[in-house]
Number of protein chains: 2
Amino acid sequence: MSTLNLTKNQSLVLDLLSRADQPLSAYTILDRLRDHGFRAPLQVYRALEKLQEMGVVHRLESLNSFVACSHQEEACCSHHGTVAFAICDSCGQVSEFHDHTIDDRLAEWARQKGFKSEKTTIEIRGLCSACAA
Amino acid sequence: MSTLNLTKNQSLVLDLLSRADQPLSAYTILDRLRDHGFRAPLQVYRALEKLQEMGVVHRLESLNSFVACSHQEEACCSHHGTVAFAICDSCGQVSEFHDHTIDDRLAEWARQKGFKSEKTTIEIRGLCSACAA
DNA sequence: TCAATTGATGTAATAACATTACATGCGTTC
DNA sequence: GAACGCATGTAATGTTATTACATCAATTGA
Ligand SMILES: [Zn+2]
Ligand SMILES: [Zn+2]
Ligand SMILES: [Zn+2]
Ligand SMILES: [Zn+2]
């Protein structure tokens with residue numbers, strides 16, 4: 001199933017996350033979708049699992065929350081590899097970015113150690129420019 | 001209070017983590033310290049909080065678990081800055097390392113965006129060399 | 001056609017992780 | 001020794017995630 005062919009529950013969750021101005025927890029999503037028939041956590045977690053597999057939603061490990069992908073298809077690369085998140089602890093704004101040099105350094109460390117990387121998490125907590133001012 | 005002057009509860013938690021061959025959750029720590037008088041989660045969380053402040057214990061966000069610091073005081077630097085963790089999903093082994101280039105790239109991104117970084121999490125999940133073989 | 005399969009869904013119960021609130025004990029300071 | 005700071009103890013609650021089981025619809029292929 002592609003991004004263009006989501007189930008009803010998946011669409012509801014993705015739409016909600018896309019409109020949110022900050023990460024949402026699974027239970028916040030549940031609460032906000034009660035009017036649309038959501039009754040149990042599993043409905044949310046199942047939708048999130050699929051959306052993450054599709055790469056259109058990311059889990060923020062340090063927040064136990066989820067965001068819609070805001071990865072910009074920039075000129076430098078086309079695929080969605082490892083990304084980093086900068087999370088403002090004041091306003092909740094999340095910036096998603098990637099950096100080839102970081103990727104390369106992590107890959108080089110893994111190569112030297114014989115470590116087989118499956119998934120990399122990079123999250124910076126702090127204050128965005130607006131909130132730090 | 002320095003590393004050399006821990007309270008009883010802090011010592012018990014740090015000793016347990018230091019001897020563990022994999023990350024431990026707060027509740028696992030609680031269970032293993034019941035014989036030493038631990039009765040409630042808060043005893044564990046309070047000790048962990050202080051130990052983290054001292055820098056002798058780290059929280060692994062992607063596992064909701066904790067490890068004793070294994071940072072090696074190498075020739076290249078003396079302070080305990082941002083570190084990365086490679087976590088084997090098979091045997092639980094955790095490798096803690098740091099990379100100045102990664103630090104620099106993240107700092108440069110933050111500088112450009114005016115983001116004030118407070119704490120950075122880098123965790124690689126995968127298979128260690130022994131388990132990948 | 002219709003049984004078998006697959007994948008999405010619904011519901012309840014439970015497990016796992018973390019915090020709040022309040023009380024107690026125990027040194028140090030003045 | 002009163003006041004204070006700080007570590008501790010205990011109970012209750014809040015938050016996040018999973019397991020188990022049942023139902024439903026679309027697909028498939030004998
Ligand atoms: Zn993305
Ligand atoms: Zn902000
Ligand atoms: Zn360390
Ligand atoms: Zn391993």
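Proteins come first, then strands; the chains are lettered A, B, ... in the order of their sequence lines, and each starts at number 1.
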*State whether A/Thr7 places a side-chain N or O below 4.0 Å from either non-bridging phosphate oxygen (OP1 or OP2) of C/dG7.*
no
_side-chain hydrogen bond (donor to acceptor under 3.5 Å, both in side chains) against B/Ser25, all qualifying residues, sequence neighbours excluded_ = B/Thr28
Which donor-acceptor pairs under 3.5 Å do the side chains of residues 108-115 of chain A make with protein atoms, sequence neighbours left out?
unit_1	atom_1	unit_2	atom_2	d
A/Glu108	OE1	A/Arg111	NE	3.1
A/Glu108	OE2	A/Arg111	NH2	3.0
A/Glu108	OE2	A/Gln112	NE2	3.0

*Mind listing the residues from residues 83-92 of chain A sitting with a heavy atom below 4.0 Å of DNA chain C? Number order is fine.*
none
*Among C/dG10, C/dA8, D/dG9, the one nearest A/Asn9 by side-chain distance*: C/dG10
*asked:* For A/Asp89, give me all partners under side-chain hydrogen bond (donor to acceptor under 3.5 Å, both in side chains), at least two apart in sequence or on another chain.
replied: A/Arg125
*Would you please confirm or rule out a distance under 4.0 Å between OP1 or OP2 of D/dT8 and any side-chain N or O of B/Gln43?*
no
_B/Lys50 vs D/dC6: side-chain N/O to OP1/OP2 distance below 4.0 Å_ = no
*Contacts of type salt bridge (Lys or Arg N to Asp or Glu O under 4.0 Å), residue B/Asp103, not counting sequence neighbours*: none
_Under a 3.5 Å cutoff, is there a donor and acceptor pairing between the side chains of B/Glu123 and B/Ser62?_
yes
Show the distances under 3.5 angstrom between N or O atoms of the protein and N or O atoms of nucleotides 17-21 of chain C.
unit_1	atom_1	unit_2	atom_2	d
C/dA18	OP1	B/Arg59	NH1	2.8
C/dA18	OP1	B/Arg59	NH2	2.4
C/dA18	OP2	B/Tyr45	OH	3.0
C/dA18	O5'	B/Tyr45	OH	3.4
C/dA18	N7	B/Tyr27	OH	2.7
C/dA18	N6	B/Tyr27	OH	3.2

*Please determine, by modelled atom types, if B/His58 and B/Glu96 share a side-chain donor-acceptor pair under 3.5 angstrom.*
yes
